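Report on the structure given below.
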Protein chains: 2
Amino acid sequence: MGRYQESIAVYGVKDTENALLCIGPLGPTILITMSDRRTQILDAAATLISERGFTSTSVDDVIKGAKLSGKSHFYHYFKSKEELGYEVLNRQFERFAERGLAILREPMIDPLERLNLFIDAVVALQSESGGRRGSPFGNLAAELADAHEGFRVRIEAVFERWASQIRSLLWEARPQLHDDVDAVRLSRFIIAALEGAVLMTRVKRDLSVLEGIAADLKRFIAMHLRDGAAMQHHRAVD
Amino acid sequence: MGRYQESIAVYGVKDTENALLCIGPLGPTILITMSDRRTQILDAAATLISERGFTSTSVDDVIKGAKLSGKSHFYHYFKSKEELGYEVLNRQFERFAERGLAILREPMIDPLERLNLFIDAVVALQSESGGRRGSPFGNLAAELADAHEGFRVRIEAVFERWASQIRSLLWEARPQLHDDVDAVRLSRFIIAALEGAVLMTRVKRDLSVLEGIAADLKRFIAMHLRDGAAMQHHRAVD
DNA sequence: ACAAAACAGGACCGAACGGTCCAAGTCACC
DNA sequence: GGTGACTTGGACCGTTCGGTCCTGTTTTGT
């Protein structure tokens, strides 16, 4: 069980079960295998960071959370806390975000219905933590966007993936939509409203805030329907 | 020039020019006078905290920012970093937030027009920093809502003040609005959308994100107009 | 069997943190 | 002229931080 293996010919049973298919922005497809310990650390760190933020999560906290023996054990897997943060963002959080992306891509469902399901999924995900945890991306964005360019860029990329997925969904739905719908703006609006709603929910410690905003957001989206299509959709939303 | 003076009979010229009229939640009206130095520290801290967050702003940073001679000088005015944080939130930031509240209250302007002006003011305020600084409340909320209950409560109070001001504005505008408009939900939606928009703008380093969302938000509000009133307003928005 | 990896545990480092304490000087006001 | 608030400057404290180094033992793939 190696750590990084840049070969394609890695077919061991244990190796592939933790494999992560990684399409680099420029390079070819790379198959990265991760040890169980590594994912264990990543999981523990993801939990702690989403609870207390990146700055307030110490390496020692992560070590305790992942039940490692000491610092040397941790630094055997990650060369710095920063690298840990990046990988948490890349692996754990993106995997979590892809649940939402998968819903947006679902080919058998009407696109605008998928958008509603996506919003429902955000609400459902927040419900799991009682609305206390908030969006991992939004939290890190607020904490580090000014201070740490590396994180800012990576978080921007996550939002951009959501936005582009919503844009292509809106493009798919264009027969049902008004001609003057601006997909770029609408996709940004949806993400901003959800991120803001999650933040407000966290501050108020009240899930109904998110639920109300989610419902309003669906109505806002329905506002962009062609007059003919508006009727049947307005029913479905209320 | 005392620090805290709980008497009413403080009429010295120097004393009143920095006085802050404070209506406590339960107690009577208290006249607190603040020395120049104190406000100087508060200003420096407010700047630093909005730039780097509360946790990442050290007391030494504030001392440098306010050009104090040393720690003893700082601790002559504030008994802890936490107290400093609370007072920054209470004094500097609330004063800043009240610019927005004043617009919402403006009695001579049509209520819904005021709402548009309020949104414009948020955009204008972000423009001053090129959209890099974000909302001081939103930033602190994301940073400390889980970790620090004292901050969470205070930030919640700020949002609640905004929301209640918008609610009463919507109540004032009810002749122009649909009967089924839910003022509680709509006010929350407006705040969440703006906070989310500011966050996204900060991440993308692109003010046009905020501008687009602000425009969409105005359209969303206009959606709640009575059919008769909708026409003339739709013009004004586009 | 052998090498490399993973695991364990602890000592240690320099820096930064929030905060205290002290000593001495300045200044305004009763 | 004294009292108390303000200013200056620095030493100091205990703790935590990210990170290094070192000495071993156990596991794993070949």
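Computed from a prediction, not measured in an experiment: that's the story for all the values here. Throughout, a chain's letter reflects where its sequence line sits, starting with A, and its residues are numbered from 1.
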(request) In plain terms, say whether R132(B) and E51(B) are close enough for a salt bridge, that is, a side-chain N and a carboxylate O under 4.0 Å apart. (result) no

(message) What is the separation between atom CD1 on I63(B) and atom P on dG18(C), rounded to the nearest whole Å?
(response) 9 Å

(request) Round to the nearest Å and state the distance from F74(B) atom CZ to dT20(C) atom P. (result) 11 Å

(request) For D60(A) and for K79(A), find the nucleotide of DNA chain D with the closest heavy atom, then tell me which residue's nucleotide is more 5'. (result) D60(A)

(message) dA6(C), OP1 or OP2 - any side-chain N/O from R37(A) closer than 4.0 Å?
(response) no

(request) Taking only the side-chain nitrogens and oxygens of Y77(A), find out if one of them lies under 4.0 Å from OP1 or OP2 of dC7(C). (result) yes

(request) Measure the shortest side-chain to side-chain distance between E98(B) and R161(B) over non-hydrogen atoms and say whether it is less than 4.5 angstrom. (result) yes

(request) Could you check how far CG of L68(A) sits from P of dT26(D), rounded to whole Å? (result) 19 Å

(message) Taking R52(A) first and then D146(B), would you say they form a salt bridge - that is, a charged N and a carboxylate O separated by under 4.0 Å?
(response) no

(message) I want to verify a distance call: between dT20(D), dT20(C), dT7(D), whose nearest atom is closest to the Y75(A) side chain?
(response) dT20(D)

(message) What is the distance, to the nearest angstrom, from the NE2 atom on H76(B) to the C1' atom on dG25(C)?
(response) 14 Å

(message) Strictly below 4.0 Å: does S58(A) bring a side-chain N or O up to OP1 or OP2 of dT16(D)?
(response) no

(message) Can you tell me whether the side chain of K71(B) and the base of dG18(C) have a donor-acceptor pair closer than 3.5 Å?
(response) yes

(request) Rounded off to whole Å, could you give me the CG-to-P distance for the L84(B) and dG18(C) pair? (result) 10 Å

(request) Salt-bridge test for K204(A) and E160(B): reply yes if a basic N is under 4.0 Å from a carboxylate O, no otherwise. (result) yes

(message) On the six-membered ring of Y77(A), is R37(A) placed so that its NZ or CZ lies under 6.0 angstrom from the centre and within 45° of the ring axis?
(response) no

(message) Just the rounded figure in Å: distance from P of dT7(D) to CZ of R38(B).
(response) 12 Å

(message) Determine whether a donor-acceptor pair (one donor, one acceptor, N or O, separation below 3.5 Å) exists between the side chain of S72(B) and the base of dG9(D).
(response) yes

(message) From CZ of R52(B) over to P of dA16(C), roughly how many Å is that when rounded to an integer?
(response) 13 Å

(message) Using a heavy-atom cut-off of 4.0 Å across all strands, would you classify T55(A) as base, sugar-phosphate, or nothing?
(response) nothing

(message) Could you tell me how far apart D36(B) (CG) and dA5(D) (P) are, to the nearest whole angstrom?
(response) 18 Å

(request) For the side chain of S69(B), starting at C-beta, report the closest nucleotide among dG18(C), dG9(D), dG18(D). (result) dG9(D)

